[in-house]
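Note that the coordinates shown come from a computational prediction; the quantities given were computed from them, not determined experimentally. Computation of the quantities below employed the complete heavy-atom set of this structure, encompassing side-chain atoms and omitting hydrogens, waters and symmetry-equivalent molecules.
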Amino acid sequence: MSKYYLKSIEKITKKCLYDLYKINYNFKLNFQYKKKSYPGDITLVLFSLSKNIKKPIKEIGENIGNYLTNYFNGLIKYYIINGFLNFIFLDGYYIFLLKNMLNPNFYKLNFSSKNILIEFSSPNANKPLHIGHIRNILIGDSISRILSSVGNNIMKIQMINDRGIHICKSMIAWKEFGIRNTPIKTKEKGDHFVGRFYKMFHLIYDKEIKKKSINGKEAPILKKARILLKKWEDGDKETIKIWKMMNKWVYNGFKKTYNELDISFDKTEYESDIYNFGKKIIENGLKNGIFFKKKDGSIWIDLKNEGFNNKLLLRSDKTSVYITQDIGTAINRFNKYKIDNLIYIVGKEQNDYFKILFTILKRLGCIWVSKIYHLSYEMVFLSSGKMKSREGQVISADDLIYQMINMAKKKLKVQCKDYNNYCKTIGLSALKYYFLKVDPSKKIVFYPEKSIDFKGKTGIYIQYTYSRIRSLETKFFEECNITDNYNLSHSIIWDNIYGKNIIKIIKKYPFILKKSAKNLNPSILANYIYEVSKKFNNLYQNKKLIDPFTPIKSNNYMNIIHITGNILKNGMNLLGIKMMNKM
RNA sequence: GAUCGCGUAGCUCAAAUGGAUAGAGCAACUGCCUUCUAAGCAGUAGGUUACAGGUUCGAAUCCUGUCGUGAUCACCA
């Protein structure tokens, strides 16, 4: 039997449990990869096993330990302490692991093959994207890549909220105060141009309330916006014309921002295309007694049993609200596409909203509700508190991207050919890694005055590590006179732990990828990539890796280095970060 | 007020879903560039995991309570 075909310790343990105790372990095997103060490279925690097997812990440990050391003859050792079965890898086992990693199948995971629709970004067509959208977009993009890499078929979709009272707000402000201006005339980015009028609307609105000390609903400018909304829904030609024009300005702006971020969507949906379908569903639901009508003609659903207030579905003037459209969208998607799952990436402030949406869909008889998932992420706070886009307390996505690229320009030491792309890649690496390394369920506090770091645990650190690796490889082939591919000598033994540490951590890659995919959490992967980089830099700074006088040893190192580079590239690409061969 | 989150080093974040002595980065302080990229490496210091109970072989993680903090509760989106 060639050692190459040996299976991992984890797999053999499963076989062992069956052989010894006739257990088809359908419970989880509690393996730990973390090395603590006790020597050992992988640990099996025995407590939970002993509950299932009902034998003394020590006996079980010794039986498993003996079984495995026999199987991996001469490759591993074991010892037991306090209910922990510790395995120690010997040199041969590292070679075996390394050979497995050199096989391209090591990177390819195929454990799921679903059709998954992922909705993210979902901007309003009345103002530019801000720092919160950036988090949303980066999480969405990265999860799409991760899910795709484990075998799924992904469709990235953005829903643009292009209709409703908020759109009419910027429209009415423009009509009254800016009708002679266009983004071309003022040389503004279209989304920022329109956003200015949205902000202006609220300034005027606040003034009116203050001045006339009236109820918010009575503010003249809001009344005008409402009339405009009604006109829009009635298909008034002039209104539609302005609406189309202003939306186009905004979309052009979005397009530039997405381009800067290297983000693309497979499909874009517009609320305006679907809201009528949503309205029909509400009206049908009313006929079937799922919803009820108030005296003023507005339509509602009773959610007392679910612990929520009654929810409005259609206004008394027959114009639709946000959820009208969302009900229609969900139903439409399941009718139109063959999908196994639908994932919404939307901030946690809408947790209840999604619970309500799912409840309504269930009441409407949609059996596929269980296939929908709301991936909720925490908000981005500024150090000064919560962002308020109406009051202008926001950091726009464009500003942030611009800032990052500028910082890269300042730090660039060497002249390079592709200056602009270089700075963009550096800036974006820092930006994307900064957001993705944090668990989506945790909030991010952003300090505009501190800006995003370029040293320490950052995307730049990983870029730097990666470019070291690639330049080492080039140098190796030049200096060691080896022209064919890497050769794995059978007698690899290093005089240090650095190489072994790298092998151990890379061994975890499939596990990490799987975990990231299952939890829809890119931060697991992001933190892991950093650990890998760190292990490599330990080696790099402490050992001379390329030496023309000892080409075999250098070659052995190169195997590890090569894999490390591949892992970094693979992993970072899954975060949506491009890697550079030179820095 | 009600409901749902969150609380880990001065700051920003980890911690294998209940495992062994809670780890990194920033900031501070020491060292290391004539030698493969110092955007780096080696080290020092920094913790009663908000607090109090409970569950068990074992808790930052699960349960209860208290305090702090955030989100949601609109004919807004």
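With P as the reference atom, B:A14 and B:G25 are 15 Å apart, rounded to whole Å. With P as the reference atom, B:A59 and B:G19 are 11 Å apart, rounded to whole Å. B:U66 and B:C29 have their P atoms separated by 45 Å, given to the nearest Å. Across the P atoms, B:A27 and B:C67 are found 39 Å apart, a figure rounded to whole Å. Only the P atoms considered, B:U44 is 40 Å distant from B:G68, to the nearest whole Å. Spacing between B:G10 and B:C51 at atom P, rounded to whole Å, works out to 13 Å. Annotation: B:U56 and B:G70 have their P atoms spaced 37 Å apart (nearest Å). With P as the reference atom, B:U49 and B:A20 are 14 Å apart, rounded to whole Å.
Dashed line: the shortest gap from a side-chain N or O of A:Y322 to OP1 or OP2 of B:A77 is not under 4.0 Å. For the OP1/OP2 pair of B:C41 and a distance below 4.0 Å, the side-chain nitrogens and oxygens of A:Y461 include at least one atom meeting the criterion. Checking the phosphate oxygens (OP1, OP2) of B:U37, no side-chain nitrogen or oxygen of A:R470 falls inside 4.0 Å. Residue A:N538 places at least one side-chain N or O under 4.0 Å from the OP1 or OP2 atom of B:A42. Between A:R468 and B:A38 there is a side-chain polar atom (N or O) within less than 4.0 angstrom of OP1 or OP2. Taking side-chain N and O atoms only, A:K442 has a distance below 4.0 Å to OP1 or OP2 of B:A14.
Using a 4.0 Å heavy-atom cutoff across all strands shown, A:I165 reaches sugar-phosphate atoms only and no base atom. Using a 4.0 Å heavy-atom distance criterion, A:V45 is classed as a base contact. At the heavy-atom level, A:T458 lies nowhere under 4.0 Å from the strands shown. Counting any heavy atom pair closer than 4.0 Å across all strands shown, A:F47 reaches a base atom. Among the atoms of the strands shown, base atoms are found under 4.0 Å from some heavy atom of A:K348. A:F308 comes within 4.0 angstrom of no nucleic acid atom, judged by non-hydrogen atoms across all strands. At the heavy-atom level, A:K455 lies under 4.0 Å from the strands shown only through sugar-phosphate atoms. Residue A:I444 is classed as a sugar-phosphate contact, given heavy-atom separations below 4.0 Å to backbone atoms only. Contact annotation for A:N82: no contact, since no heavy-atom pair falls under 4.0 Å across all strands. Among the protein residues, A:N521 comes within range of no part of the nucleic acid, since none of its heavy atoms lies under 4.0 Å from any strand.
Nearest nucleotide to the side chain of A:N124, out of B:A77, B:A39, B:U72: B:A77. Taking only side-chain atoms of A:K515, from C-beta outward, the nucleotide of B:A39, B:U17, B:A77 with the closest atom is B:U17. For A:Y447, counting side-chain heavy atoms from C-beta on, the closest listed nucleotide (B:C13, B:C11, B:A77) is B:C11. Of the candidate nucleotides B:A16, B:A14, B:A24, B:A16 has the atom nearest to the side chain of A:Q32. The listed nucleotides are B:G70, B:A16, B:A20; the one nearest the side chain of A:F381 is B:G70.
Between A:Y509 and A:Y528, the ring planes lie tilted relative to each other; the angle falls in the 30° to 60° range. Aromatic ring pairs are classed by plane angle as parallel below 30°, tilted from 30° to 60° and perpendicular above 60°; the pair A:Y251 and A:F254 is tilted. The aromatic rings of A:H202 and A:Y205 sit perpendicular to each other, their planes meeting at more than 60°, with 30° as the lower class boundary.
Residue side chain A:K508 reaches the base of B:A16 through a donor-acceptor N/O pair under 3.5 Å, judged by distance alone. Between the side chain of A:S471 and the base of B:U37 there is no donor-acceptor pair of N/O atoms closer than 3.5 Å. Residue A:T43 places a side-chain atom within donor-acceptor reach of the base of B:A20, judged by atom type and a 3.5 Å distance cut-off alone. One can find a donor-acceptor pair under 3.5 Å joining the base of B:A39 and the side-chain atoms of A:Y422. A:D352 contributes no side-chain N or O that forms a donor-acceptor pair with the base of B:U3 under 3.5 Å.
B:G19 has no stacking from A:F84 on its base ring, since the centres under 5.5 angstrom apart and planes within 30 degrees of parallel are not both found.
Side-chain polar atoms of A:K515 and A:N521 form no donor-acceptor pair below 3.5 angstrom. Between the side chains of A:Y198 and A:N124, no donor N or O sits under 3.5 Å from an acceptor N or O. Checked by atom type, the side-chain pair A:T319/A:E233 shows no donor-acceptor distance below 3.5 Å. Defined by atom type and a distance below 3.5 Å, a donor-acceptor pair is present between the side-chain atoms of A:T329 and A:Q325.
Taking the O4'-C1'-N9-C4 or O4'-C1'-N1-C2 dihedral as appropriate, B:C11 has a value more than 90° from 0 and is therefore anti. Taking the O4'-C1'-N9-C4 or O4'-C1'-N1-C2 dihedral as appropriate, B:U37 has a value more than 90° from 0 and is therefore anti.
Per the geometry, NZ belonging to A:K535 stands 14 Å off C1' belonging to B:C41, to the nearest Å. When rounded to the nearest whole Å, the span between CG of A:N527 and C1' of B:A24 equals 9 Å. As rounded to whole Å, 17 Å separates atom P of B:C73 from atom CD of A:E306. If you measure from atom CD of A:Q350 to atom C1' of B:U3, you get 17 Å, rounded to the nearest angstrom. Look at CG on A:L303: it is 21 Å from P on B:A2, rounded to the nearest Å. Counting to the nearest Å, the P atom of B:A24 and the CG atom of A:N501 are 13 Å from each other. The OH-C1' distance, from A:Y540 to B:C33, rounds to 11 Å in whole Å. We find that CG of A:D439 is positioned 15 Å from P of B:G5, with the value rounded to whole Å.
The pairing partner recorded for B:A74 is none, the criterion being a Watson-Crick or G-U wobble arrangement whose two distances lie under 3.5 angstrom. Pair assignment for B:U34 gives none, since no Watson-Crick or G-U wobble pairing has each distance under 3.5 Å. Pair assignment for B:G58: none, as no Watson-Crick or G-U wobble contacts are both less than 3.5 Å. With a cut-off of 3.5 Å on both pairing distances, B:A45 has no Watson-Crick or G-U wobble partner at all. B:G25 is paired with B:C11 under the Watson-Crick or G-U wobble criterion, all donor-acceptor distances under 3.5 Å. Pairing for B:A50 goes to B:U66, judged as Watson-Crick or G-U wobble with the two contacts each under 3.5 Å. Pairing of B:A20, defined by two Watson-Crick or G-U wobble distances under 3.5 Å, is not identified with any nucleotide.
The ring pair (Phe, Tyr, Trp, His ring centres under 6.0 Å) with A:F354 is formed by just one residue from the set A:Y344, A:Y322, A:F308, A:Y373; it is A:Y344.
Salt-bridge annotation for A:K311 and A:E306: absent, with no side-chain N of the basic residue lying under 4.0 Å from a carboxylate O of the acidic one.
A residue-by-residue look at A:K443 and A:N542 shows that A:K443 has its nearest nucleotide of RNA chain B further toward the 5' end. Of the two residues near RNA chain B, A:R226 and A:N309, the one whose nearest nucleotide lies more 5' is A:N309.
Residues A:Y461 and A:N537 have side chains in contact (heavy-atom distance under 4.5 Å, counting atoms from C-beta outward).
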